[in-house]
K.L.:
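So that we are looking at the same thing, I have put the structure below in structure tokens.
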2 protein chains.
Amino acid sequence: MPDSDTALTIGQVAERTGLSVHTLRFYEREGILTHPVRRDGGGRRLYTEHDVDWLTVCVILRASGMPLPAIRRYTELVTAGAGNEAERLTLMRQHRERVTNQIAQLTRSLDLINYKVGVYEDILGA
Amino acid sequence: MPDSDTALTIGQVAERTGLSVHTLRFYEREGILTHPVRRDGGGRRLYTEHDVDWLTVCVILRASGMPLPAIRRYTELVTAGAGNEAERLTLMRQHRERVTNQIAQLTRSLDLINYKVGVYEDILGA
DNA sequence: GCTTGACCTAGAGCCGACTCCAGGTCATAC
DNA sequence: GTATGACCTGGAGTCGGCTCTAGGTCAAGC
């Protein structure tokens with residue numbers, strides 16, 4: 001059972017999060033990690049399970065269209081610790097609205113797409 | 001009642017489709033129109049209601065994430081006329097799958113977002 | 001002792017989809 | 001006759017989000 005002491009290489013984290021090693025380094029530069037990554041003697045990154053959990057959250061936020069600056073801001077708030085929950089809530093609510101709007105828009109688009117699929121199926125089925 | 005003879009300027013089309021005049025010219029260069037736009041004596045574009053209808057379809061396809069090359073291909077098929085419905089169907093089905101996957105992904109992301117919103121609401125409400 | 005492979009940095013490059021710019025034409029309003 | 005404003009072209013610039021390159025370190029296996 002992996003506990004929070006487990007040290008993971010960047011390659012292992014890439015595999016677990018689905019991000020490339022390039023993207024992991026890029027996210028770090030962009031301030032998308034709650035604390036600087038530990039390094040081994042040779043300067044190599046050592047990630048924890050905690051980092052993987054955080055990155056997994058970030059992956060989900062990205063996948064739902066949250067821009068990197070917003071994720072960075074959220075990261076900053078989490079890093080700063082308790083006391084800023086109001087802003088975190090605002091951020092999440094804003095994002096929730098974007099996402100629900102996006103789902104609504106996609107669902108509407110689906111009507112047209114289904115209609116077109118139906119038209120072509122009819123033509124080909126006749 | 002606007003019929004198919006109505007001539008619209010690029011500005012009017014921009015207003016109706018929600019695209020900018022820049023984007024309309026760009027789409028034309030990209031082959032996103034079923035036929036070359038008519039021009040008046042001074043070389044200005046004259047669109048028809050038919051063009052607006054087509055562009056409206058394109059806007060919906062774009063909004064649901066269809067890449068411009070796919071829209072161009074679809075345009076080519078429609079321009080070529082009857083006989084290629086099988087490929088049009090394939091294109092639309094592929095896109096439908098992308099869209100339904102995207103909706104599913106967004107809906108899953110929404111679980112996390114709602115969870116986070118709930119956490120912060122609890123903290124702030126207590 | 002040398003090859004291999006995973007890692008490091010700083011910085012350049014790429015891609016999609018616009019978006020804007022410079023410099024010009026033309027019709028209408030004053 | 002001139003100013004305004006909508007339009008034209010070709011081409012450059014922007015932006016977000018990666019993605020890759022060059023050149024290097026280091027540990028383990030043979």
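Every chain is numbered from 1 and lettered A, B, ... according to where its sequence line falls, protein lines coming before strand lines.
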K.L.:
Report the residue (B:G41 or B:M66) whose heavy-atom-nearest nucleotide on DNA chain C is the more 5′ of the two.
P.N.:
B:M66

K.L.:
Tabulate below the donor-acceptor pairs under 3.5 Å that side-chain atoms of residues 54-67 of chain B make, not counting sequence neighbours, or state none.
P.N.:
| residue | atom | partner | partner atom | Å |
| --- | --- | --- | --- | --- |
| B:W54 | NE1 | B:I32 | O | 3.2 |
| B:T56 | OG1 | B:V52 | O | 2.6 |
| B:R62 | NH1 | B:M66 | O | 2.8 |
| B:S64 | OG | B:I60 | O | 3.0 |
| B:S64 | OG | B:L61 | O | 2.9 |
| B:S64 | OG | B:H95 | NE2 | 2.9 |

K.L.:
May I have the list of side-chain donor-acceptor pairs in residues 99-107 of chain B shorter than 3.5 Å, sequence neighbours left out?
P.N.:
| residue | atom | partner | partner atom | Å |
| --- | --- | --- | --- | --- |
| B:T100 | OG1 | B:R96 | O | 3.0 |
| B:T100 | OG1 | B:E97 | O | 3.0 |
| B:N101 | ND2 | B:E97 | O | 3.4 |
| B:Q105 | NE2 | B:S109 | OG | 3.2 |
| B:T107 | OG1 | B:I103 | O | 2.6 |

K.L.:
Think A:Y27 has a side-chain N or O under 4.0 angstrom from the OP1 or OP2 of D:dG17?
P.N.:
no

K.L.:
Is there side-chain contact between A:Y115 and A:D111, with heavy atoms separated by less than 4.5 Å?
P.N.:
no

K.L.:
What are the atom names and distances for every N/O pair under 3.5 Å that joins the protein to nucleotides 28-30 of chain C?
P.N.:
none

K.L.:
Do any N or O atoms of the protein come closer than 3.5 Å to N or O atoms of nucleotides 7-11 of chain D, and which pairs are they?
P.N.:
| residue | atom | partner | partner atom | Å |
| --- | --- | --- | --- | --- |
| D:dC7 | OP1 | B:T9 | OG1 | 3.0 |
| D:dC7 | OP1 | B:G11 | N | 3.0 |
| D:dC8 | OP1 | B:R45 | N | 2.8 |
| D:dC8 | OP1 | B:R45 | NH1 | 2.8 |
| D:dC8 | OP2 | B:R25 | NH1 | 2.5 |
| D:dC8 | OP2 | B:R45 | NH1 | 3.2 |
| D:dC8 | O5' | B:R45 | NH1 | 3.4 |
| D:dT9 | OP1 | B:R39 | NH1 | 3.2 |
| D:dT9 | OP1 | B:R39 | NH2 | 3.2 |
| D:dT9 | OP2 | B:R45 | NH1 | 3.0 |
| D:dT9 | OP2 | B:R45 | NH2 | 2.8 |

K.L.:
Just the rounded figure in Å: distance from P of C:dC20 to CG of B:L19.
P.N.:
14 Å

K.L.:
I'd like a table of donor-acceptor pairs (distance under 3.5 Å, sequence neighbours excluded) in which one partner is a side-chain atom from residues 116-126 of chain A, with atom names and distances.
P.N.:
| residue | atom | partner | partner atom | Å |
| --- | --- | --- | --- | --- |
| A:Y120 | OH | B:Y74 | OH | 2.7 |
| A:Y120 | OH | B:R88 | NH1 | 3.4 |
| A:E121 | OE2 | B:R93 | NH2 | 2.6 |

K.L.:
C:dC18 C1' sits how many Å from B:I32 CD1, rounded?
P.N.:
13 Å

K.L.:
In whole angstroms, how far is the C1' atom of C:dT9 from the CZ atom of A:F26?
P.N.:
16 Å

K.L.:
What is the distance from CD of B:E30 to P of C:dG16, rounded to the nearest Å?
P.N.:
10 Å

K.L.:
Roughly, in whole Å, what's the span from NE2 in B:H22 to C1' in C:dG16?
P.N.:
18 Å

K.L.:
To the nearest 0.5 angstrom, please state how far the OG1 atom of A:T6 sits from the CG atom of A:L46.
P.N.:
11.5 Å

K.L.:
State, yes or no, whether a side-chain contact exists between B:T9 and B:R45 at a heavy-atom distance under 4.5 Å.
P.N.:
no

K.L.:
Check the distance between C:dA6's C1' and A:E15's CD and give it to me in whole angstrom.
P.N.:
13 Å

K.L.:
Crowded around B:Q12 CD? As in, over 12 foreign heavy atoms under 6.0 Å?
P.N.:
yes

K.L.:
Taking B:D51 for its side chain and B:Y47 for its backbone only, find out whether a donor-acceptor pair lies under 3.5 Å.
P.N.:
no

K.L.:
For residues 75-83 of chain A, please give each side-chain donor-acceptor pair under 3.5 Å, one per line with the distance, not counting sequence neighbours.
P.N.:
| residue | atom | partner | partner atom | Å |
| --- | --- | --- | --- | --- |
| A:T75 | OG1 | A:I71 | O | 2.7 |
| A:E76 | OE1 | A:R73 | NH1 | 2.8 |
| A:T79 | OG1 | A:T34 | O | 3.3 |
| A:T79 | OG1 | A:T75 | O | 2.7 |

